[in-house]
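Have a look at the structure below before the remarks.
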Amino acid sequence: METSIIIPDHVIEDILLRLPVKHLLPWKCVSKHWYALIRDEDFVKKHYHFQYTMHLVDHGDVPLLLDTPSHHHVPAEFRLVSTHGDHDVIVDITPDLERDIPLVIVNEGDELYDHLLWCIGLVNGIVCLLGGHSHLVLWNPATREFKDVPRWPLMPGGRVAQSILGFGFDIQSNDFKILGLIYTTNRDVLKSDYIYEFHVYLLKADSWKRIKNVPRTYLDFELVYTDSYFNNGVHYWPAYELAEMHRDRIVSFNFSSETFKVFEPPIAAGTAVTWYRLRVGKYKEGLALVVTHGSENLETCFEIWAATEFKDDNEVPSSWQLVVKVPPIYSHNTVNISTIRGCGDLLLHIFVHDGDEEWGDVTFNDSGAYLYALSTRTFKYLGFPFNSSFRYMESLFPLSRRLM
């Protein structure tokens with residue numbers, strides 16, 4: 001006599017949350033109920049955050065997506081760098097991109113390969129790609145889904161320039177959004193006299209809209225494409241006032257309320273140096289500032305400041321703490337900290353200008369990606385150059401065009 005076993009829905013959901021995307025997708029064929037569950041917005045979010053958290057627990061970090069932009073007809077390259085025990089594993093996912101991009105770009109010729117193609121944002125497993133000057137594509141590498149983003153609106157008259165400021169997720173409407181800046185002027189004047197417009201693309205509506213009631217901007221954004229979006233739905237950038245070129249600010253944008261806020265970095269981060277530069281990053285999943293200090297004797301050092309407390313709106317930091325100080329560099333290397341890994345190590349981009357370069361007792365022969373272990377002060381060359389880096393975890397978040 002056969003006995004049927006009925007598994008409660010919450011047990012089924014708990015099991016499915018533990019499956020990676022590639023193993024989970026075939027289970028949509030089991031039944032209509034399972035199909036609806038796996039496509040449910042709440043389940044998709046829970047699955048992503050569960051997988052992300054478990055990866056941090058098991059490996060101390062999540063993979064990093066690094067891109068090398070295309071140039072001079074050389075295709076872009078994309079790699080995943082992940083930690084497994086004491087080893088770093090590098091997986092080239094360029095073939096995945098090349099397999100699907102021709103199916104997405106229709107009647108565009110070789111635009112994406114004639115011009116730069118690079119990653120300008122990565123949120124919840126969805127990659128935002130910019131090709132040429134204005135061609136935007138969203139890509140989910142795990143599900144092989146792509147979405148062409150409609151062309152930007154244009155302002156009439158004058159010289160027009162466009163910038164993608166950020167890619168984020170509206171946690172209230174469960175929608176992906178892209179923030180763009182368009183500015184123009186009819187004469188040769190200072191940037192402070194430009195006419196600015198901010199536009200937001202909404203994936204669900206598949207359209208752009210202008211953000212109204214935005215105060216006249218007096219800031220110039222320092223755009224570095226890295227992990228500057230956070231799970232509270234807020235994106236951060238360093239910026240400076242046009243009237244006072246060295247007066248730095250941090251700007252935040254809430255993708256749900258579609259509002260900006262401007263605040264000052266920690267005062268001690270920019271004192272007693274000839275020059276310094278700010279970059280926004282993550283430290284243990286929280287907001288951090290990477291500060292590069294320079295002095296007259298060509299000595300360069302780095303500090304990482306972590307936000308420890310926030311105001312009531314949970315957007316603007318009210319307290320900062322210096323958590324990492326990297327020993328000085330005594331050479332002509334160009335060194336940038338791209339990100340702070342979950343294990344505390346730094347991903348560096350080091351550019352060797354002419355011949356071998358030195359950092360203390362270490363000699364660098366090649367430009368490109370390096371991992372720097374703070375605990376042992378040792379370097380590991382990854383063997384390739386890169387432009388941007390983002391934390392990446394596979395997700396089920398859907399896009400409108402499926403290529404499988």
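The analysis underlying the following values was restricted to heavy atoms, covering all of them including side chains, and did not include hydrogens, waters or symmetry mates. All figures in this text were calculated on a predicted structure; none of them were measured in a lab.
Counting heavy atoms from C-beta outward, Phe384 and Leu66 have side chains that approach closer than 4.5 Å. For the pair Ser82 and Val89, the minimum side-chain heavy-atom distance is below 4.5 Å. Between Cys128 and Trp139 the shortest side-chain heavy-atom distance does not fall below 4.5 Å. Using a 4.5 Å heavy-atom cutoff, the side chains of Leu278 and Val290 are not in contact. Lys380 is not listed as a side-chain neighbour of Tyr370, based on a closest heavy-atom distance of 4.5 Å or more. By the 4.5 Å heavy-atom criterion applied to side chains, Leu371 and Leu382 are counted as neighbours. Leu37 is listed as a side-chain neighbour of Leu16, based on a closest heavy-atom distance under 4.5 Å. Counting heavy atoms from C-beta outward, Leu203 and Leu399 have side chains that approach closer than 4.5 Å.
Taking both residues in full, the closest heavy atoms of Ser395 and Gly125 are given as OG-CA, 3.7 Å, listed atom of the first, atom of the second, then distance. Phe50 and Leu17 make their closest contact through CD2-O, 3.3 Å (heavy atoms, listed as atom of the first residue, atom of the second, distance). Looking at every heavy atom in both residues, Phe78 comes nearest to Thr94 through N-OG1, 2.9 Å. Taking each heavy atom of Asn232 and Ile171 in turn, the nearest pair found is O-CD1, 3.6 Å. The heavy-atom pair separating Leu396 from Asn140 by the smallest distance is C-ND2, 4.3 Å. Looking at every heavy atom in both residues, Cys119 comes nearest to Ser388 through O-OG, 3.2 Å.
In terms of modelled atom types and a separation under 3.5 Å, the side chain of Glu197 and the main chain of Ile182 share no donor-acceptor contact. Checked by atom type and distance alone, the side chain of Lys282 pairs as donor or acceptor with a backbone atom of Tyr229 at under 3.5 Å. The closest donor-acceptor contact from the side chain of Ser319 to the backbone of Thr308 lies at 3.5 Å or more, if one exists at all. In this structure, the side chain of His23 does not engage the main chain of Arg18 through any donor-acceptor pair within 3.5 Å. Between the Tyr236 side chain and the Glu315 main chain, a donor and an acceptor come within less than 3.5 Å of each other. For the pair Ser228 (side chain) and His235 (backbone), a donor-acceptor distance under 3.5 Å is absent.
Taking the charged nitrogens against the carboxylate oxygens, Asp92 and Arg79 have no contact shorter than 4.0 Å, which rules out a salt bridge. By the 4.0 Å N-to-carboxylate-O rule, Glu394 lies too far from Lys22 to be salt-bridged with it. Between Lys46 and Asp42 there is no salt bridge, since no side-chain nitrogen of the basic residue lies less than 4.0 Å from a carboxylate oxygen of the acidic one. In summary, Lys209 and Glu258 engage in a salt bridge, as defined by a charged side-chain N under 4.0 Å from a carboxylate O. A salt bridge does not link Lys45 with Asp40: none of the charged nitrogens is closer than 4.0 Å to a carboxylate oxygen.
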Does the pair Gln321 and Tyr283 meet the rule for a side chain to side chain donor-acceptor pair (under 3.5 Å), with working shown?
CA-CA 11 Å; Gln321 180 181 0; Tyr283 179 77; over 6 Å; no

Decide yes or no on side chain to side chain contact (heavy atoms under 4.5 Å, CB included) for Leu289 and Ile304, but give the supporting numbers first.
CA-CA 6 Å; Leu289 293 180; Ile304 298 172; over 6 Å; no

Before you tell me yes or no, could you show the steps for Leu287 and Trp320 under side chain to side chain contact (heavy atoms under 4.5 Å, CB included), namely the whole-Å CA-CA distance, both residues' side-chain angles and the distance that decides it to 0.1 Å?
CA-CA 10 Å; Leu287 175 63; Trp320 298 84; 4.0 Å; yes

Worked check of salt bridge (Lys or Arg N to Asp or Glu O under 4.0 Å) between Lys147 and Asp206:
CA-CA 10 Å; Lys147 175 71 179 73; Asp206 194 25; 2.8 Å; yes

Step by step, would you call Leu64 with Arg391 a side chain to side chain contact (heavy atoms under 4.5 Å, CB included)?
CA-CA 5 Å; Leu64 293 175; Arg391 286 169 169 81; 4.0 Å; yes

Walk me through it: do Leu56 and Glu285 pass the test side chain to side chain contact (heavy atoms under 4.5 Å, CB included)?
CA-CA 10 Å; Leu56 285 177; Glu285 302 302 308; 4.3 Å; yes

Salt bridge (Lys or Arg N to Asp or Glu O under 4.0 Å) between Arg279 and Asp227, worked out:
CA-CA 10 Å; Arg279 295 183 68 175; Asp227 282 313; over 6 Å; no

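Between the side chains of His49 and Gln51, no donor-acceptor pair of N or O atoms lies under 3.5 Å. Defined by atom type and a distance below 3.5 Å, a donor-acceptor pair is present between the side-chain atoms of Ser256 and Asp170.
For the atom pair CG (Leu181) and CZ (Phe198), the distance works out to 5.0 Å, reported to the nearest 0.5 Å. Thr53 OG1 to Asp58 CG: the interatomic distance, rounded to the nearest 0.5 Å, is 10.5 Å. In this structure, Ser318 OG and Glu309 CD are separated by 5.0 Å, a value rounded to the nearest 0.5 Å. Once rounded to the nearest 0.5 Å, the distance linking OG1 of Thr143 with CG of Leu24 reads 11.5 Å. Residue Leu65 holds its CG atom at 8.0 Å from CZ of Phe390, rounded to the nearest 0.5 Å. Rounded to the nearest 0.5 angstrom, Ile337 CD1 and Leu346 CG are separated by 5.0 Å.
Ring geometry for Phe260 versus Trp237: interplanar angle of 30 to 60°, hence tilted. Tyr201 and Trp208 have tilted rings, their planes meeting at an angle from 30° to 60° on a 0 to 90° scale.
More than 12 heavy atoms of other residues, nucleotides or ligands sit less than 6.0 Å from atom NZ of Lys204.
Taking the six-membered ring wherever Trp is involved, the centroid distance between the rings of Phe397 and Phe176 falls below 6.0 Å. Ring centroids of Phe253 and Phe255 are separated by less than 6.0 Å, placing the two rings close together.
Applying the side-chain hydrogen bond (donor to acceptor under 3.5 Å, both in side chains) rule to Ser338 yields the partners Ser389; only residues at least two apart in sequence or on another chain are considered.
Cation-pi geometry between Lys177 and Phe167 is not satisfied (NZ or CZ under 6.0 Å from the ring centre, within 45° of the ring normal).
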